[in-house]
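Okay, structure first, notes after.
Heavy-atom basis, side chains included; hydrogens, waters and symmetry copies ignored. Residue numbers start at 1 and run along the sequence shown.
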Amino acid sequence: MNTFTPNLLQVESIRGVGKEAFHADDTDTESIILFVGHPHKDMLTDNDQFRCIMASNVEDARKVMYQLQFVFKKMPAAIIYRFESAYEAALPEWESFFATHQFLNSIPFFIYADKGFEELKSLVGKYRFIDDVITLNAWHMLSSKVAIVSKFKRMRAFPAYKKISINKKLYTRRFYSNFMKRSLDVMLASTGLLVLSPVMLLIAILIRAESKGPIFYAAKRAGRNYRVFKFYKFRTMIPDADRQLDKIKHLNQYDGNNAGPMFIKVSNDPRVTKLGGFLRNSSLDEVPQLLNVLKGDMSLVGNRPLPLYEATTLTTDDWVERFLAPAGITGLWQVSKRGKKEMSVKERIDLDINYAHKRSFRYDMWLIVNTPLALVQKDNV
């Protein structure tokens, strides 16, 4: 099956002809992706997860959604808008359309770009209906990203979607708490970077002297609402550590299987350098994350940002709630269980979900006060 099926709904500007190619029965067996713009040639491959309908502009996309809703009784699993410099003027049109059609609030909306991932992140903050920026390199992860974001948005749009016991307090967006939290993040992160700059310089010199390779480790992580950002820390492993991940999975301290959530944490990881072991046990390797806090990718307090290979395993209704909270340097997991070998996958996720429900400025302050006692790990993990 070709991933992109043209003019299935007889919208005039969608390429091709032939309404007979699309039947109501198809919508029961396939999820639909609405792609607005011209797809990259490498996207035109077989895909068993989605059938993609193309529209050339916002007006045609509206026609497709109306016909899907009222004729075929189905809405797209996600909307992907290919961004080019001339298309930014259309974003206010999308914003107005989403504001007047509240039922669309549960549909993931992604911007697709061939390059310029970091530059486009500002648009995600400016237009709140945009969930993330995706590139061709992440196209193979589209199904997992759609699954996580759609479940997150359903919980936000329909509070009754999850059955929560009466004793649980749901995460709420209160202006005062969020304002105080962000103010504290900026103040402490700025002060920390200034005060610790001599220490960071010394660590950089020692890393370069110990082994070849970059001083900083930068990798993509998934934070709140599964938004992906570039995560920084001091390099504590050998330069090609990521390539050797499969070789050490049998040493994973978490009980895991291919059918459920997957976290990887290795006790006495052979990839860690001598200096890296000290930096990890003292938590000095995490100091560069203050840059992420200043950028707004993370907060001082929150759930740990996950590597993409871990985040894609948390797509069930039971686990996705951990993405309700912002990514953070410290949090409930760090204060409660950091560095302890006996922690299970379920226990770690439950701590993340617990924080997502309870988070408030007062609770964050309590966690910050208790963080120094957890900074020094008891085990080499």
Spacing of [atom1] belonging to [X] relative to [atom2] belonging to [Y], to within rounding of 0.5 Å:
| X | Y | atom1 | atom2 | result |
| --- | --- | --- | --- | --- |
| Glu310 | Arg221 | CD | CZ | 7.5 Å |
| Arg82 | Ile134 | CZ | CD1 | 11.0 Å |
| Ser96 | Phe129 | OG | CZ | 10.0 Å |
| Glu321 | Asp350 | CD | CG | 10.5 Å |
| Leu201 | Leu206 | CG | CG | 9.5 Å |
| Leu351 | Lys346 | CG | NZ | 10.0 Å |

**Report entry** Over 12 foreign heavy atoms within 6.0 Å of CZ, Phe278
**Finding:**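 Open.
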
For the backbone of [Y] and the side chain of [X], can you confirm whether one donor and one acceptor N or O come within less than 3.5 Å of each other?
| X | Y | result |
| --- | --- | --- |
| Arg304 | Ile329 | yes |
| Arg235 | Pro214 | yes |
| Lys181 | Val301 | yes |
| Ser183 | Phe179 | yes |
| Glu210 | Thr273 | no |
| Thr236 | Val272 | no |
| Arg227 | Asp131 | yes |

Indicate yes or no: at least one non-hydrogen side-chain atom of [X] is less than 4.5 angstrom from one of [Y].
| X | Y | answer |
| --- | --- | --- |
| Arg322 | Leu306 | yes |
| Gln289 | Pro305 | no |
| Asp364 | Tyr355 | yes |
| Ile368 | Leu184 | yes |
| Ile207 | Leu279 | yes |
| Glu93 | Asn57 | no |
| Tyr363 | Leu332 | yes |
| Phe109 | Tyr127 | no |

Grab the two heavy atoms, one from [X] and one from [Y], that are nearest each other, plus how far apart they are.
| X | Y | result |
| --- | --- | --- |
| Tyr81 | Leu91 | CE2-CD2, 3.9 Å |
| Phe229 | Met298 | CZ-CG, 3.5 Å |
| Gly331 | Gln334 | N-OE1, 3.0 Å |
| Arg208 | Ile215 | NH2-CG1, 3.7 Å |
| Asp132 | Val228 | OD2-N, 3.3 Å |
| Met65 | Met75 | O-SD, 3.9 Å |

Query raised in the report: Between Thr330 and Thr371, is any side-chain donor less than 3.5 angstrom from a side-chain acceptor?
Result: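 Yes - a donor-acceptor pair under 3.5 Å links their side chains.
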
Shared hydrophobic cluster, [X] / [Y] (ILVMFWY, side-chain heavy atoms < 4.5 Å):
| X | Y | value |
| --- | --- | --- |
| Tyr112 | Phe110 | yes |
| Phe323 | Ile349 | yes |
| Val36 | Leu68 | yes |
| Tyr217 | Met200 | no |
| Leu290 | Leu367 | yes |

Query - ring pair (Phe, Tyr, Trp, His ring centres under 6.0 Å) between Phe216 and Tyr232, worked out - result: CA-CA 7 Å; Phe216 296 100; Tyr232 302 103; 7.4 Å; no

Report task. Given side chain to side chain contact (heavy atoms under 4.5 Å, CB included), test Asn303 with Trp333 step by step and report yes or no. Result -> CA-CA 8 Å; Asn303 291 333; Trp333 167 66; over 6 Å; no

**Report entry** Working for side chain to side chain contact (heavy atoms under 4.5 Å, CB included), residues Val199 and Val287
**Finding:** CA-CA 10 Å; Val199 177; Val287 172; over 6 Å; no

Query raised in the report: Can Arg280 and Met237 be said to form a side chain to side chain contact (heavy atoms under 4.5 Å, CB included), step by step?
Result: CA-CA 10 Å; Arg280 283 175 163 235; Met237 295 184 177; 2.9 Å; yes

